[in-house]
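What follows is one structure encoded as structure tokens, with my remarks underneath.
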Amino acid sequence: TVPSDFIRDIVAADRAAGKHNGRVVTRFPPEPNGYLHIGHAKSICLNFGIAKENPGGICHLRFDDTNPTTEDPEYVEAIQDDVHWLGFDWQGKKFFASDYFEQLYSFAVVLIQKGKAYVDSLTAEQMREYRGTLTEPGRNSPFRARSIEENFDLFRRMRAGEFPDGAHVLRAKIDMGSPNINLRDPVLYRIRHAAHYRTGTEWCIYPAYDYAHPLSDAIEGITHSICTLEFEDHRPLYDWVVAETGAPHRPQQIEFARLNLTFAVMSKRKLLELVDRKLVAGWDDPRIPTIKGLRRRGYTAEAIRAFCEHIGVAKRDAVVEMQLLEYFIREDLNKRSPRVMAVLNPLKVVIENYPEDAIEEMEAVNNPEDPSAGTRRVPFSRVLYIEQDDFREDPPKQFFRLAPGREVRLRYAYIMKCTGVVKDPETGAITELRCTYDPDTKSGSSQEQRKVKATIHWVSAAHAVPAEVRLYNPLLTTDLAKIPPDQDWTQSLNPQSLERLTGCLVEPGLKQAPVGARFQFERTGYFCVDPDSSQTGLVFNRTVSLKDAWAKIEKAHKTS
RNA sequence: UGGGGGAUCGUCUAGCGGUAGGACGCCGGCCUUUGGAGCCGGCUACCUAGGUUCGAUUCCUAGUCCCCCAGCCA
């Protein structure tokens, strides 16, 4: 289905009306001050999606790098990486606001010459006082009346590095009495004697977002500048900048509601704090909703895209339930991930009537939902491991799996009966099951029609490959707004985000499982081979949370 | 108490004057060579009050509630 929303309607109407000569040019404009997260994915899918849907449409990737103190090339690389991973491409249209610094400066000079901008020498605190409040109008700065010549001279010297940080700013001359605070002579340039990761020390004045962004859009010929709701009342300023500088092109700013996910830590600031304080292993920690984290967790780009498409685009504030995200990844993985047998908590089983040295290759279906995935062969022998959960010495009413005297089917193999239980003489713990199998019941054999109540998975003890399993839960939090400012917000994070780290035994075919490969372990869930496993051996990360784990976490949060 | 936005199932989201639809979730049933899979069924919504109209979620008026804005961040 083709996505439809109010923004796409605007774009379609503009195209139909021949606006911008029918061209559609969008842009994804991250500041390289952190890694992308699922919230950015919504914006990426929107901007690149609209470009893709419209013939000749294109989406630029622009780094909004106008603040030298927070930005880093590491983030530039990571962002490009993530956009590509999500399945989008800017087709060579990669730009940096910092590449426009010279042009932006020229536009500022135009503004000064027109008497539309002036150099103010108030301190930051004074400027705040002069700005007024939400209900009271602001007052003109005493420096507002400076002559064009003086303004130009001062601005030129600001650029030349003659003044320390904070000595002057360039402000737009709009209206200190405007009910819209953004129009009360906003700052266009500030002095920052800081090295920029791209322009080095070439500049010591840097343009502000409200100035650089509309002009960058105009310079690039962006037709639809899509941003989030908080910029709604910046739109008059956006339009003012484009109009007053006489920029050659008039982009249209359109706002939509950003994505919020229940219990998720989504703000860049907080994610950065988690990384800096080493509360998580890094930006790619599977517990945080960064693109890299989700990727490492085993989420697929297709699933994330499907999710973004499904949640839609609107102007009302919304909080999407994390379960919806997980639904989409499950949905996707069900179709594509091979089913494999893996035992997380092994219980040894000896099939007493099975020959000591025999090995059979059992044919197993790779994916019941996708016949083209084919089959594989899994070795079967006398000594197996089954899941501890699949055996109960004293089975309750609804338990139909293995118990003393009971029969179950071993998936892809035989019907097996439990004939004895071996216990540790010291502790009484069950260490081994003695069983017998029925040779006439081999899976797929035509004469076999016996029914058993349950089927369980297994691995051959002699062939099983040891692996490690990390059962991650997302790093969830309560409503951060409710946490007192003096309290460390990280205290509200769920302590069970990494539920446990345990060994497991997988069928031998997985020994060569490539990094990032996703599997569905029968009855235990979806797992992904961790990209770091090259160092630590075969490690699987759980992709989706268990429902009961969710319930546990949510309950814990609701009661706390 | 200024300005800018927004209110539709528990959660997202359609609808643009004519039976309120979809998805997640939840509940129930079926399936059984494993399900957290699959199949079937069910659940619950138009912020309020007036008005216009044959007819209003939709148009008008007045309220109510929620979000954003007082960085030399973006």
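None of these values were measured; they are calculated from a predicted model. Naming convention: chains lettered A, B, ... in sequence-line order (proteins, then strands); numbering from 1 in each chain.
Between Y206(A) and F101(A), a ring centre-to-centre spacing shorter than 6.0 Å is recorded. Ring centroids of Y238(A) and F231(A) are separated by 6.0 Å or more, keeping the two rings apart.
Using atom P as the reference point in both rG2(B) and rU11(B), the two lie 30 Å apart (nearest Å). Comparing the C1' positions of rU61(B) and rG25(B) gives a spacing of 38 Å, expressed to the nearest Å.
If you find the closest nucleotide of RNA chain B to D120(A) and to E522(A), the one lying nearer the 5' end belongs to E522(A).
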Under the 3.5 Å Watson-Crick or G-U criterion, the dot-bracket string of RNA chain B, with | for inter-strand pairs: .((((((..((((....[..))))((((((.......))))))...(((((..]....))))))))))).....

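Using a 3.5 Å distance cut-off with no hydrogens or angles, the side chains of E220(A) and Y100(A) do pair a donor with an acceptor. With hydrogens and angles left out, the side-chain atoms of S178(A) and R184(A) include no donor and acceptor closer than 3.5 Å.
With sequence neighbours excluded, the residues forming a ring pair (Phe, Tyr, Trp, His ring centres under 6.0 Å) with F328(A) are H310(A), listed by chain and number.
The cationic group of R297(A) does not satisfy the cation-pi geometry with Y472(A), failing either the under 6.0 Å distance to the six-membered ring centre or the 45° limit from the ring axis. A cation-pi arrangement is not found for R411(A) relative to W458(A), the charged atom failing to lie both closer than 6.0 Å to the ring centre and inside a 45° cone about the ring normal.
Side-chain atoms of E331(A) lie closest to rG38(B) of the nucleotides rG38(B), rG36(B), rA74(B). Proximity note for R411(A) (side chain, C-beta onward) versus rU34(B), rA23(B), rC72(B): the nearest is rU34(B). Distance from the side chain of A314(A) is smallest to rA14(B) among rA14(B), rG71(B), rG2(B). For D317(A), counting side-chain heavy atoms from C-beta on, the closest listed nucleotide (rG3(B), rC67(B), rA7(B)) is rC67(B).
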Output a table of nitrogen or oxygen pairs between the protein and nucleotides 9-11 of chain B separated by less than 3.5 Å.
residue : atom : partner : partner atom : Å
rG10(B) : N2   : E321(A) : OE1          : 3.1
rU11(B) : O4'  : E321(A) : OE2          : 3.1
rU11(B) : O3'  : V319(A) : O            : 3.3
rU11(B) : O2'  : V319(A) : O            : 3.0

